[in-house]
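In what follows, every chain begins at residue 1, and chains take the letters A, B, ... in the order their sequences are listed.
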Amino acid sequence: MAPITRRMTFPKVVIERDTDSEESSSDEEEEDEAVEEEEEEEEERVESKVTEETQVGSDAKRKGKAPITISLKKVCKVCKKPGHEAGFRGATYIDCPMKPCFLCKMPGHTTMTCPHRVTTEFGVIPAPRRNTHKPLEYVFERQLRPDIPPIKPKHVIPDQVSCAVIRYHSRRITCLEFHPTKNNILLSGDKRGQVGVWDFVKVHEKVVYGNIHSCITNNMRFNPTNDCMVYSASSDGTVGCTDLETGISFSPINLNPDGWQGPGSWKMLYGMDINSEKGLVLVADNFGYLHLVDIRSNDKTGNAILIHKKGSKVTGLHCNPVQPDLLLSCGNDHFARIWDMRRIEAGSSLNDLEHRRVVNSAYFSPLSGNKILTTSQDNRLRIWDSLVGNMDSPSREIVHSHDFNRHLTPFKAEWDPKDPSESLAVIGRYISENFNGAALHPIDFIDISSGQLVAEVMDPNITTITPVNKLHPRDDILASGSSRSLFIWRPKDRSEPIEEKDERKVVVCGGADKKRNRKSGDGGDDSDDEGFISKLKKSNSKSKKPDLKLSRRK
DNA sequence: AATCGATGCTCCC
DNA sequence: TGGGAGCCCTCGAT
């Protein structure tokens with residue numbers, strides 16, 4: 001093609017573009033030269049973008065104009081170097097080889113070849129074989145029969161769970177909480193500060209409170225003495241105390257009474273837990289301080305106590321389920337700390353559990369309270385097997401992908417509250433896996449005693465990342481939250497029917513079983529749940545609060 | 001179908 | 001020890 005010549009005063013424009021070959025990752029300098037030499041032959045590809053070029057260049061050079069270089073070479077979007085490209089190839093993500101492993105953070109290999117990538121072989125296991133076991137059954141069964149031998153199937157098969165999708169929240173889900181006694185009731189908090197109350201068997205039944213918080217609801221807890229009262233901690237700096245029956249909400253704590261004075265002073269509340277023995281709500285802020293609320297008076301009690309590095313966020317609090325004097329905290333200062341509630345003051349921690357990066361969560365084990373499970377942004381779960389053992393270093397570290405925290409709710413590994421052996425944890429996974437050509441982010445069930453992946457739950461229709469997960473305290477139910485949707489997972493053959501009255505908001509996918517096949521046994525009496533939301537609605541509608549949102553358009 | 005950006009933390013100077 | 005640039009699989013809005 002003949003070069004187009006006009007505007008002779010323009011400087012030379014050098015088009016650098018990559019050759020089609022992908023293999024060269026050697027010397028950059030050489031490659032640059034090579035490309036420049038080939039320039040004239042390759043210009044046709046870019047002619048529509050740049051019309052002033054090539055032979056004009058010699059004129060421009062003579063006139064002393066510096067050449068303008070436009071690089072069209074393919075470069076890696078991660079390291080900006082040519083010769084390779086990071087990104088998806090089909091449903092598989094190819095790491096930048098110049099960076100440490102994205103999964104375990106060690107140099108020398110990529111995620112694909114990482115020895116910790118426990119599920120690498122998934123894609124090559126023939127499909128029929130994958131369906132021969134019932135691992136999810138296994139996951140739930142072992143709660144009833146902890147003595148079964150620790151030989152575990154490798155993967156949970158999505159066909160064995162049904163998943164109801166509740167699409168209501170307009171922003172990402174940030175926290176979930178099951179009702180302490182009513183089996184079908186779930187609370188969900190979101191980035192906007194809304195709190196939803198769901199009957200997930202009748203998902204169209206809902207009450208949504210939009211006026212409790214002005215931004216992120218970080219944590220919710222039911223009042224142990226009155227399960228119609230819910231406490232919630234928010235990034236708006238308040239603790240909300242909401243009466244679900246009347247819809248009336250007030251704030252026992254407001255750390256920003258003077259409103260927005262700039263980011264340096266705006267306080268946010270993250271970690272929260274309730275110590276029922278002592279009648280306290282404990283919350284912690286983003287400046288390292290612990291605050292206490294007396295449940296009886298619903299008023300602030302005592303002074304704020306510095307429990308993590310001054311100015312750093314306290315990400316979580318957990319009261320020991322057995323020993324009420326023990327408190328566990330974790331924060332952005334890379335520590336989880338154990339405290340004695342009887343004498344808690346700055347620097348008085350019993351143990352400081354060191355992590356390499358931010359600690360997203362730290363939980364005592366739910367039954368004995370004797371183990372600790374933490375989730376850290378260095379892509380590791382850490383387990384301390386006994387509080388009376390060596391606390392200097394964890395009993396185990398399990399490499400698991402969950403470090404992405406910029407635009408997602410932080411991942412938190414949660415105990416299965418029903419597992420008598422206290423060895424089962426659930427956590428969403430960040431890096432995707434190629435499942436029959438789809439890049440999916442499963443929810444992992446991990447045996448924290450062995451580090452083995454017991455199960456991975458996913459649905460081909462759910463392509464989002466699911467950082468928030470909570471296992472039901474009594475039933476075989478997993479609730480998950482992602483960018484906008486709530487998911488209710490359960491074993492297929494035991495699924496409750498899900499009503500689909502409002503298809504705009506409710507999608508049932510994964511072939512939720514319609515047949516009524518009630519599970520008997522360990523659960524509480526579901527008949528109590530009949531009409532719980534309706535009752536809330538009724539009583540709420542009687543309340544005089546005008547801004548209570550009972551429903552909301554998508 | 002591209003692009004933008006909210007957003008939190010880390011690292012580097 | 002503080003400020004600012006920049007960041008690897010987001011995701012919804014335009």
Side-chain angles (χ1 to χ4, degrees), chain A residues 49 75-81 84-107 109-112 114 117 119-120 167-174 190-193 214-216 218 235-236 262-264 266-268 270 285-288 308-316 330-335 355-361 375-379 400-412 428-435 437-444 458 462-468 480-485 554:
Chain A
K49 287 184 182 164
V75 295
C76 172
K77 66 179 178 186
V78 175
C79 69
K80 311 286 188 285
K81 293 204 170 83
H84 64 273
E85 281 183 278
F88 276 104
R89 204 158 298 166
T92 305
Y93 193 91
I94 307 296
D95 273 10
C96 170
M98 311 300 280
K99 295 272 184 168
C101 172
F102 191 50
L103 173 56
C104 74
K105 310 300 176 194
M106 304 301 281
H109 63 270
T110 63
T111 308
M112 285 296 283
C114 178
R117 186 148 194 179
T119 57
T120 313
R167 195 175 166 89
Y168 170 79
H169 287 276
S170 61
R171 290 293 182 271
R172 63 172 207 249
I173 312 297
T174 52
D190 75 12
K191 196 175 159 235
R192 282 203 167 155
S214 57
C215 62
I216 311 179
N218 288 309
S235 290
D236 64 10
W266 185 258
K267 294 197 174 73
M268 303 186 257
Y270 285 84
D285 65 24
N286 58 329
F287 286 89
H308 280 271
K309 185 181 170 185
K310 197 167 189 175
S312 77
K313 186 201 290 181
V314 181
T315 52
C330 58
N332 276 14
D333 62 355
H334 300 195
F335 280 98
H355 294 67
R356 277 205 289 282
R357 287 185 63 189
V358 167
V359 189
N360 289 348
S361 68
T375 308
S376 170
Q377 288 196 38
D378 65 356
N379 265 358
H400 179 265
S401 170
H402 54 251
D403 68 331
F404 191 79
N405 200 26
R406 192 162 140 217
H407 306 291
L408 294 173
T409 307
F411 290 86
K412 299 175 177 185
R429 198 194 305 171
Y430 172 44
I431 47 175
S432 61
E433 203 75 40
N434 183 345
F435 291 103
L440 304 177
H441 307 266
I443 300 155
D444 292 331
M458 85 296 287
I462 298 169
T463 55
T464 52
I465 294 171
T466 314
V468 186
S480 307
S482 72
S483 52
R484 287 182 75 160
S485 301
K554 180 173 161 266

| request: Compare all side-chain heavy atoms of Ser432(A) with those of Phe88(A) and state whether any distance is below 4.5 angstrom. | output: yes
| query | Side-chain donor or acceptor of Ser483(A) under 3.5 Å from a matching atom on the base of dC11(C)? | reply | no
| query | Distance-only, no hydrogens or angles: does the Asp285(A) side chain make a donor-acceptor pair with backbone N or O of Met268(A) under 3.5 Å? | reply | no
| query | Base, sugar-phosphate alone, or nothing: which one does Pro100(A) contact when heavy atoms must sit under 4.0 Å apart? | reply | base
| task | Please determine if a side-chain N or O atom of Asn332(A) lies less than 4.0 Å away from the OP1 or OP2 oxygen of dC9(B). | result | yes
| message | Can you measure Ile462(A) atom CD1 to dC11(C) atom P for me and round it to whole angstrom units? | response | 12 Å
| Could you give the NZ-to-P distance, from Lys313(A) to dC9(B), as a whole number of Å? | 4 Å
| field | Residue whose nearest DNA chain C nucleotide is more 5′ - Lys99(A) or Thr464(A) | value | Lys99(A)
| task | Round to the nearest Å and state the distance from Asp190(A) atom CG to dT7(B) atom C1'. | result | 16 Å
| said: With rounding to the closest Å, how many angstrom separate the P atoms on dT7(B) and dT14(C)? | reply: 15 Å
| note | Out of dT10(B), dC8(C), dT10(C), minimum distance to the side chain of Ile465(A) belongs to dT10(C)
| request: State whether the aromatic ring of Phe88(A) stacks on the base of dC9(C), taking stacking to mean ring centres under 5.5 Å apart and ring planes under 30° to each other. | output: no
| message | Nearest whole Å is fine: how far is dT10(C) P from Lys191(A) NZ? | response | 16 Å
| request: Using whole Å, report how far CZ of Arg192(A) lies from C1' of dA6(B). | output: 12 Å
| Charged tip of Lys267(A) within 45° of Phe287(A) ring normal and under 6.0 Å | yes
| Between dA6(B) atom P and Leu408(A) atom CG, what is the distance in whole Å? | 17 Å
| Whole angstrom value for the distance that separates P of dC9(B) from CG of Asp378(A) | 15 Å
| query | Between dG12(C), dC9(B), dC9(C), which one does the side chain of Thr111(A) approach most closely? | reply | dC9(C)
| Nearest of dT7(B), dC9(C), dT10(B) to any side-chain atom of Val358(A)? | dT10(B)
| Flag for Ser480(A)-Thr466(A): side-chain donor and acceptor within less than 3.5 Å | no
| query | What's the CE-P distance between Met268(A) and dG8(B), to the nearest Å? | reply | 6 Å
| said: Students often get this wrong, so: under 4.0 angstrom with heavy atoms, is Arg357(A) touching a base, only sugar-phosphate, or nothing? | reply: sugar-phosphate
| Nearest heavy-atom pair of His402(A) and Gly428(A): which atoms, and what distance? | CB-O, 4.3 Å
